[in-house]
Amino acid sequence: KQWYQRRVRDKDNLQNDFAQDSPVSIFAGLAADMTEALANETVQAGETPFLSCTARGNPSPLVTITRREQAAAITFVRPAFPPARNAKIRTSRVTLEIIDAAEDDSGWFVCIACNYYGPCVASEAYSALIPLL
């Protein structure tokens with residue numbers, strides 16, 4: 001059977017299958033992987049910066065964006081059991097929108113992604129505010 005022959009795959013092949021939207025059932029877990037890191041953002045006072053990041057894994061990773069100084073306080077509780085046998089790689093995208101940005105909204109932000117397998121992954125970016133003249 002084709003599904004059985006494709007049951008064990010290495011990470012590169014899993015990524016290729018995911019990119020091509022292949023109907024492959026993935027039986028193995030895959031640690032969270034940051035596919036789109038945070039990018040630096042500069043806006044003027046009163047504008048709205050958007051900070052986004054994307055991660056994927058099996059099971060789908062929990063993703064959050066926070067200020068760097070608050071990141072140490074974030075605790076992800078990993079599930080006690082691995083994902084279901086028929087689970088597929090899932091993508092999680094998070095966007096932080098700072099409405100009507102003010103000077104104290106500038107600073108370092110971090111995106112953290114975690115799931116059942118492997119260590120958490122993170123990316124950082126700086127969001128700067130340019131005061132209106």
Side-chain angles (χ1 to χ4, degrees):
K1 295 181 180 181
Q2 185 178 5
W3 67 267
Y4 183 77
Q5 292 171 354
R6 297 180 73 183
R7 186 175 180 181
V8 179
R9 310 283 290 191
D10 62 279
K11 185 176 178 182
D12 291 334
N13 286 332
L14 286 174
Q15 290 172 350
N16 290 339
D17 286 341
F18 179 76
Q20 298 169 6
D21 292 327
S22 172
V24 174
S25 290
I26 300 168
F27 289 12
L30 184 65
D33 180 32
M34 193 73 62
T35 56
E36 179 188 341
L38 284 176
N40 294 337
E41 182 85 16
T42 302
V43 298
Q44 290 188 337
E47 291 183 345
T48 302
F50 294 90
L51 298 170
S52 296
C53 63
T54 306
R56 68 177 173 195
N58 178 21
S60 182
L62 299 172
V63 181
T64 189
I65 300 173
T66 187
R67 289 187 172 276
R68 181 168 42 176
E69 58 270 14
Q70 297 168 340
I74 294 176
T75 303
F76 283 98
V77 178
R78 296 180 193 278
F81 301 100
R85 288 177 33 108
N86 61 352
K88 297 184 181 193
I89 293 177
R90 302 282 186 218
T91 299
S92 297
R93 179 179 178 83
V94 172
T95 300
L96 175 65
E97 178 180 356
I98 304 172
I99 298 171
D100 195 23
E103 188 174 340
D104 60 346
D105 292 320
S106 294
W108 283 97
F109 289 82
V110 61
C111 174
I112 304 169
C114 295
N115 72 358
Y116 179 84
Y117 295 100
C120 295
V121 292
S123 69
E124 288 187 325
Y126 190 78
S127 179
L129 181 87
I130 300 173
L132 292 175
L133 300 176

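Position 1 is the first residue of the sequence, and the numbers go up from there. It should be emphasised that the depicted structure is a prediction, and the values quoted were computed from it without experimental measurement.
Residues Glu69 and Val110 are not in side-chain contact: their nearest non-hydrogen atoms beyond the backbone lie 4.5 Å or more apart. With contacts defined as side-chain heavy-atom distances shorter than 4.5 Å, the pair Leu129/Val43 qualifies. Inter-residue side-chain proximity for Cys53 and Ile65 is flagged as met; some heavy-atom pair is nearer than 4.5 Å.
Side-chain atoms of Asn40 come within 3.5 Å of backbone N or O of Tyr126 as a donor-acceptor pair. Asn115 places a side-chain N or O within 3.5 Å of a backbone atom of Pro59 that can act as its donor or acceptor partner. Side-chain atoms of Ser92 come within 3.5 Å of backbone N or O of Pro61 as a donor-acceptor pair. Although no hydrogens or angles enter the test, the distance criterion places a donor-acceptor pair under 3.5 Å between the side chain of Ser123 and the main chain of Leu38. In this structure a side-chain-to-backbone donor-acceptor pair under 3.5 Å is missing from Arg68 to Ala125.
Expressed to the nearest 0.5 Å, how far CG of Leu96 lies from OG1 of Thr64 amounts to 8.5 Å. One finds the CG atom of Asp33 at 10.0 Å from the OG1 atom of Thr91 (value rounded to the nearest 0.5 Å). In this structure, Met34 CE and Ile112 CD1 are separated by 8.5 Å, a value rounded to the nearest 0.5 Å.
In the hydrophobic clustering of this structure, Tyr117 does not group with Val121; members are Ile, Leu, Val, Met, Phe, Trp, Tyr whose side-chain heavy atoms approach within less than 4.5 Å, directly or through other members.
Among Glu124, Arg67, Glu41, the single residue meeting the side-chain contact (heavy atoms from CB on, under 4.5 Å) criterion with Phe109 is Arg67.
Listed here is the closest heavy atom pair of Asp100 and Gly46: OD1-CA, 3.1 Å.
Heavy atoms of other residues, nucleotides or ligands lying less than 6.0 angstrom from CD of Glu97 number more than 12.
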